[in-house]
There are 4 protein chains.
Amino acid sequence: MNFASDNSYGAWPEIVAAVGAAATGAVPSYGDDTLTAKVRARLAELFERELTVFPVISGTAANALALATLVPPHGAIFCHGESHIAVDECGAPEFFTHGAKLVPLEGKDGKLVPETLERALAHFQKGFVHHVQPACLSVTQSTELGTVYTRGEIAALAALAHAHAMLVHMDGARFANALAHLGCTPAEATWRAGVDAMSFGATKNGALGAEAVIFFDPAEARDFEYRRKKAGHLLSKMRFVSAQLDAYLTGTRWLESAARANGLARKLAAGLSSVRGAEIAHPVEANAVFVTLPDTTVARLRRLGASFYDWAPPEDGRTLVRLVASFATPEEDVTRFVEIANSE
Amino acid sequence: MNFASDNSYGAWPEIVAAVGAAATGAVPSYGDDTLTAKVRARLAELFERELTVFPVISGTAANALALATLVPPHGAIFCHGESHIAVDECGAPEFFTHGAKLVPLEGKDGKLVPETLERALAHFQKGFVHHVQPACLSVTQSTELGTVYTRGEIAALAALAHAHAMLVHMDGARFANALAHLGCTPAEATWRAGVDAMSFGATKNGALGAEAVIFFDPAEARDFEYRRKKAGHLLSKMRFVSAQLDAYLTGTRWLESAARANGLARKLAAGLSSVRGAEIAHPVEANAVFVTLPDTTVARLRRLGASFYDWAPPEDGRTLVRLVASFATPEEDVTRFVEIANSE
Amino acid sequence: MNFASDNSYGAWPEIVAAVGAAATGAVPSYGDDTLTAKVRARLAELFERELTVFPVISGTAANALALATLVPPHGAIFCHGESHIAVDECGAPEFFTHGAKLVPLEGKDGKLVPETLERALAHFQKGFVHHVQPACLSVTQSTELGTVYTRGEIAALAALAHAHAMLVHMDGARFANALAHLGCTPAEATWRAGVDAMSFGATKNGALGAEAVIFFDPAEARDFEYRRKKAGHLLSKMRFVSAQLDAYLTGTRWLESAARANGLARKLAAGLSSVRGAEIAHPVEANAVFVTLPDTTVARLRRLGASFYDWAPPEDGRTLVRLVASFATPEEDVTRFVEIANSE
Amino acid sequence: MNFASDNSYGAWPEIVAAVGAAATGAVPSYGDDTLTAKVRARLAELFERELTVFPVISGTAANALALATLVPPHGAIFCHGESHIAVDECGAPEFFTHGAKLVPLEGKDGKLVPETLERALAHFQKGFVHHVQPACLSVTQSTELGTVYTRGEIAALAALAHAHAMLVHMDGARFANALAHLGCTPAEATWRAGVDAMSFGATKNGALGAEAVIFFDPAEARDFEYRRKKAGHLLSKMRFVSAQLDAYLTGTRWLESAARANGLARKLAAGLSSVRGAEIAHPVEANAVFVTLPDTTVARLRRLGASFYDWAPPEDGRTLVRLVASFATPEEDVTRFVEIANSE
């Protein structure tokens with residue numbers, strides 16, 4: 001019963017097979033291979049526009065390299081205070097941007113709203129050399145708290161960002177989960193709503209280790225290629241990352257896998273809502289459930305083999321925990337988890 | 001007939017199979033898995049000592065992260081002027097070390113000698129705040145020019161470096177090729193000769209993308225873990241890099257693969273030595289051949305499908321080219337290449 | 001009527017004279033001169049202990065260099081959300097530390113309290129590689145809002161920081177103003193209360209451009225000298241910075257100048273408290289007054305020649321403004337400002 | 001008898017007086033004062049064109065900030081192997097550029113020639129992501145070895161650099177000495193010969209600590225202002241740096257001071273040429289003399305109070321030493337030095 005993270009689970013057999021199929025023969029190194037070209041074309045098709053794509057192998061690399069390309073060292077990046085870039089990347093964005101500043105903002109259910117951004121922007125005087133200059137808004141979709149921005153919410157934030165000459169980055173480590181929830185096209189969920197660049201994740205949804213940085217306006221990609229190389233993220237055998245993305249994006253399995261994980265999360269939430277003293281902390285829209293459970297329940301679950309993270313210290317006999325479902329989480333694990341939680 | 005690079009070739013079936021075998025089930029993320037622990041134990045066994053191991057996915061990352069851990073921002077790194085860190089990493093060491101300085105040295109056949117290092121050190125005044133301070137010597141084994149340092153050569157360089165309070169890093173992207181040539185133990189080739197830390201390569205010898213940074217004195221690893229994370233090189237599904245290294249290090253195939261590639265290089269060199277106007281530029285001790293060929297020969301080879309790099313601009317009707325053999329280069333490609341070169 | 005900043009005013013005649021006196025003859029460069037040695041000895045005497053001193057020429061340099069010496073690239077620096085390092089240095093600390101993270105905290109009247117720090121620390125898991133690691137607490141004395149920490153307040157914060165293995169930095173750009181208010185010794189206000197390193201300011205209190213970075217434990221200064229050089233802050237004619245500090249620290253004028261500025265601020269506050277609709281926003285303990293004034297009053301003051309900064313956008317017909325008094329602000333300017341403000 | 005460096009000497013009385021004159025009253029901070037504007041206008045007049053000027057307080061800061069503005073992190077900076085930026089700035093250019101690479105080139109008498117640059121450029125493949133990309137040529141005028149590039153030499157180098165889409169930076173820490181030798185206008189010596197940006201030094205020629213970074217095409221200044229602030233080099237009381245530059249540039253004293261120093265160097269060289277076993281190592285065109293002297297002579301000079309630097313270790317009973325004359329070196333010191341050297 002592993003609900004610790006979606007990255008605790010392995011990979012799709014199709015992705016493993018694709019890597020194996022790519023393992024023979026000699027091809028040009030460093031991304032000048034046909035598989036990488038195919039991934040580029042496939043993403044252009046999926047997103048219904050010309051775009052620039054760079055495969056990388058981790059979400060932190062995708063985010064930090066994208067932000068460093070979009071933001072000067074004297075820039076400010078506005079983000080949610082609980083976002084991955086703010087909290088879980090050990091300062092990678094600061095390192096890659098050569099010292100830009102992340103400005104953490106508050107927001108209910110892990111989501112930013114234009115009012116908060118506007119209030120924050122008032123503290124940064126344009127052209128005032130003492131202040132870092134607003135350069136980028138980064139939103140996470142789906143969010144770190146298991147919620148999903150609506151297209152309108154993204155559009156409103158992006159419009160405000162653009163009005164202040166900022167670019168919009170989307171951390172889409174769990175973009176598939178968001179899309180499965182939204183039910184719209186990739187284009188509608190991103191550039192049509194104002195997103196300029198994104199980290200398109202596949203690892204958490206079944207790849208071995210594969211993400212794609214996408215710039216919807218190729219001009220914005222500027223010196224990304226050099227930054228990726230300089231950071232040790234340009235792989236000689238790039239074909240093996242591209243093979244993963246190629247298999248990932250073939251057909252609709254990427255969305256079905258995400259939908260499955262979302263469904264398990266909803267099932268978990270539904271099952272836990274009947275636990276006495278339990279309280280679902282945020283709307284369950286993607287593949288994570290944040291739920292406050294009695295400490296006795298938490299202890300019983302762990303004793304019987306469940307693994308998951310506390311999201312806050314215990315308080316008044318209850319603890320907020322995070323449960324993440326993945327493309328490969330066995331459905332019976334969900335059933336059993338709910339049963340244990342409800343037993344007394 | 002691809003002799004462009006050993007990284008043009010794919011991966012061992014055993015390595016692909018190991019990745020597939022690791023793809024099911026849920027395990028702890030970020031390297032807290034049993035496969036990563038197994039790799040650590042296996043390397044300790046191979047090197048016959050306690051050591052600290054960090055898997056990463058590219059040679060540039062391995063080198064740059066290792067150097068940044070060993071060298072302060074005000075440090076100097078001495079290396080061969082044609083070394084990968086000096087020439088082919090787009091300044092990654094400078095970026096990761098926050099501005100340390102690489103001091104490129106000359107040396108016959110891609111190898112440094114103590115006299116050159118000593119002469120260079122005379123230009124750096126200890127404790128003089130205007131000068132970067134000698135901090136590290138980095139040697140490449142096998143070298144970028146297809147030669148291999150003897151154990152004695154490494155030991156002499158390391159002794160001089162240590163006498164100046166510098167640490168010794170080995171870029172072992174092709175360590176297996178060097179070891180296959182030397183015929184000594186991994187320990188004898190490294191820490192027993194004075195090497196403090198190394199980039200242990202597997203990618204060029206048959207992995208999908210897997211290298212290990214090794215610190216022979218665990219105390220020297222200091223903040224490596226944070227640096228790796230901050231650089232986006234700590235993978236959530238680390239097991240898939242470790243699975244590669246585990247398969248790579250099982251038995252002796254890693255040395256046999258390298259020996260095979262070395263043998264093909266020797267065969268190439270032998271076959272090309274009979275070409276009129278050809279000249280082998282450096283001793284062929286690992287898996288690369290540097291040979292000056294008549295431009296007509298070069299053109300004919302390319303026309304008939306051979307791919308390889310020019311290593312210098314054409315001069316007097318001849319060009320210095322580099323030919324690299326790999327674990328998977330078909331032997332008949334070597335035969336055919338030699339035939340074409342010798343036909344007139 | 002310039003109340004924009006204490007750095008709008010020039011310099012003491014004594015300091016100009018000292019620079020002139022130092023301008024003849026040849027002396028060793030880069031701080032190996034007798035004036036620099038004298039400043040070091042004088043500060044050791046003033047602070048009643050062995051310490052390490054490095055003169056620099058700006059407060060931002062002092063703060064950023066000190067923090068970079070105390071904090072690793074993967075470290076977190078806790079500070080007030082309105083502190084100079086967080087808001088007014090264009091990300092200098094992030095640049096100099098190679099990407100460490102500033103964690104902005106809230107606190108009444110510009111002052112932090114242990115409870116807030118403790119709550120923040122709960123979000124950073126020790127040894128958890130994804131989180132930047134708590135490394136430093138930086139407090140400003142006097143604060144950006146014109147208040148002064150008591151010795152007990154500093155001691156309580158420092159004790160908590162030390163209990164979490166963090167070091168304590170004090171931004172003392174206006175240390176003289178704080179000391180003039182506290183009435184205690186420099187030692188009591190700093191290292192005896194737990195401060196490990198400080199930026200000791202002189203510029204705002206009458207120097208041309210001179211600050212000193214002080215490490216109370218010389219071992220903590222580690223590679224500061226190299227960092228200062230690498231940042232272009234090691235001056236060849238260091239004697240001219242040291243001459244300023246020497247004159248500044250001769251006798252007690254530095255404290256009297258600060259006391260004078262503090263007194264003018266109190267006089268301003270007292271005089272403005274009778275303005276209808278005026279409200280003093282924070283206790284006036286150093287040389288700055290934060291006061292909410294009717295917009296008509298603000299406009300009248302500016303029309304008649306007063307200069308000062310708005311500290312927030314106008315709200316309900318009133319604006320919060322900042323007024324700073326300096327060592328050289330004419331007392332009649334204060335009198336006239338108060339008169340204009342009170343006239344209707 | 002101090003010939004250690006021109007920065008061992010103090011400052012012009014006129015410069016001290018100008019600082020004193022600027023010390024009263026309140027003016028806008030951070031360079032928005034009239035003195036700074038006046039310096040800008042004066043330099044535009046001197047250089048006969050529109051330009052952008054930023055005062056800073058050290059040559060290392062001027063060079064590193066200028067280079068960081070001109071060069072991306074993945075760029076290469078070509079320079080003489082004995083240049084200040086390569087040898088004497090502790091890696092400041094690498095730090096400020098976020099890891100760009102300095103490529104040290106050889107060149108007789110401290111001067112580069114186009115052939116050497118061209119040969120070096122051949123090693124950098126345009127658009128090849130593994131190689132840092134040629135971005136800037138930096139020349140020192142006068143050079144570190146006391147020679148001066150002719151206008152034609154600069155023009156030829158600049159033409160080659162521009163042909164490779166590189167910008168040209170001049171380290172003019174001793175620009176006045178070069179100009180005094182060349183006898184041409186500042187414009188002819190710089191932008192008319194192809195220089196794009198320069199560090200215009202005043203410190204070594206009589207300022208307390210004042211340099212100006214000049215961009216001849218204001219568009220190239222790009223984000224310099226933010227870089228300067230972020231590096232702690234934007235001074236609040238900027239007027240005191242500008243006051244120095246203003247006094248320095250008033251009239252022709254800056255050129256006369258340099259001419260005087262150059263003359264003393266020539267006198268030194270002439271007087272030393274009669275010493276048995278002495279050999280002048282480089283043409284004496286600016287204010288430094290590099291001369292090989294018998295070790296007995298060196299010892300006698302030092303015993304009798306002369307200070308100067310060895311430029312290389314002793315060899316065969318002789319040592320290469322550097323003697324620098326300054327605006328304030330007493331002429332009798334030169335006379336006496338020569339006498340001692342010639343006495344036996």
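To find a chain, count down the sequence lines: A is the first, B the second, and so on, and within it residues start at 1. From a predicted model like this one, the values you see are computed outputs, not experimental measurements.
- Ring planes of Y30(A) and H130(D): perpendicular class, angle over 60° (limits at 30 and 60°).
- With a 6.0 Å radius and a threshold of 12 heavy atoms from other residues, nucleotides or ligands, E106(D) has its CD atom at or below the threshold.
- Contact detail for V129(D) and K229(A): the closest heavy-atom pair is O-CG, 3.2 Å.
- For F96(D), no part sits under 4.5 Å from any heavy atom of chain A, backbone or side chain.
- Using a 4.5 Å cut-off between heavy atoms, F95(A) does not touch chain D at all.
- Atom NE2 of residue H131(D) and atom OH of residue Y226(A) lie 10.5 Å apart, to the nearest 0.5 angstrom.
- When atom types are taken as modelled, the side chain of K230(D) and the backbone of G99(A) share a donor-acceptor pair closer than 3.5 angstrom.
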